Amino acid sequence: MRTKEEFEFIMDQLLEEAVKSFKSTRQYALLQEKMEQMEQDCEAMFQTDEKAFALECFDFIRSADGQEESHVYRQAFRDCVLVLKWMGVLA
């Protein structure tokens, strides 16, 4: 039987590969362009302390999104296994 640590490692590797795959898409490139434009707008529009706050907000949003992404990916994996068991594909 696999340990929880092994499961976590496998899930991390699968998520890392999925993220890597997404980062090679045009959609990701467009999102990056938009993010860079937003950061440039912050540089132009805000004073130094305001810029720092805005960039800190961006970093927090990215971090929260990453945690949500990880949770959703893991839950989807578990849901998939449950469906496969329900269908009788897995024992």
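This one's a predicted model, so the numbers in the text were calculated from it and none came from an experiment. Counting begins at 1 with the first residue of the sequence.
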Show your reasoning for whether side-chain contact (heavy atoms from CB on, under 4.5 Å) applies to Glu43 and Leu55. CA-CA 9 Å; Glu43 287 291 325; Leu55 294 175; 4.3 Å; yes
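Note that the CD atom of Gln37 and the CD atom of Glu33 stand 9.5 Å from one another [nearest 0.5 Å]. Taking CG from Leu31 and NZ from Lys23, the interatomic distance works out to 11.5 Å, rounded to the nearest 0.5 Å. From Ile10, atom CD1 reaches atom CD of Glu5 across 11.5 Å, with rounding to the nearest 0.5 Å.
Judged as a ring pair (Phe, Tyr, Trp, His ring centres under 6.0 Å), the pairs with a partner in residues 15-49 (not counting sequence neighbours) are, in order, Phe22-Tyr28.
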Acceptor/donor pairs from residues 77-91 side chains to any protein atom, 3.5 angstrom cut, sequence neighbours excluded:
from	atom 1	to	atom 2	distance (Å)
Asp79	OD1	Gln75	NE2	2.8

List, one per line, each side-chain donor-acceptor pair under 3.5 Å for residues 12-21, sequence neighbours excluded.
from	atom 1	to	atom 2	distance (Å)
Asp12	OD1	Arg74	NH2	2.2
Glu17	OE2	Lys20	NZ	3.2

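Under the side-chain contact (heavy atoms from CB on, under 4.5 Å) criterion, Gln47 pairs with Asp49, Glu50, sequence neighbours left out. Contacts of Glu39 classified as side-chain hydrogen bond (donor to acceptor under 3.5 Å, both in side chains), with partners at least two apart in sequence or in another chain: Arg62. Checked against side-chain contact (heavy atoms from CB on, under 4.5 Å), Glu56 has no partners two or more places apart in sequence or in another chain.
In this structure, Phe9 places its CZ atom where only 12 or fewer heavy-atom neighbours from other residues, nucleotides or ligands lie under 6.0 Å away.
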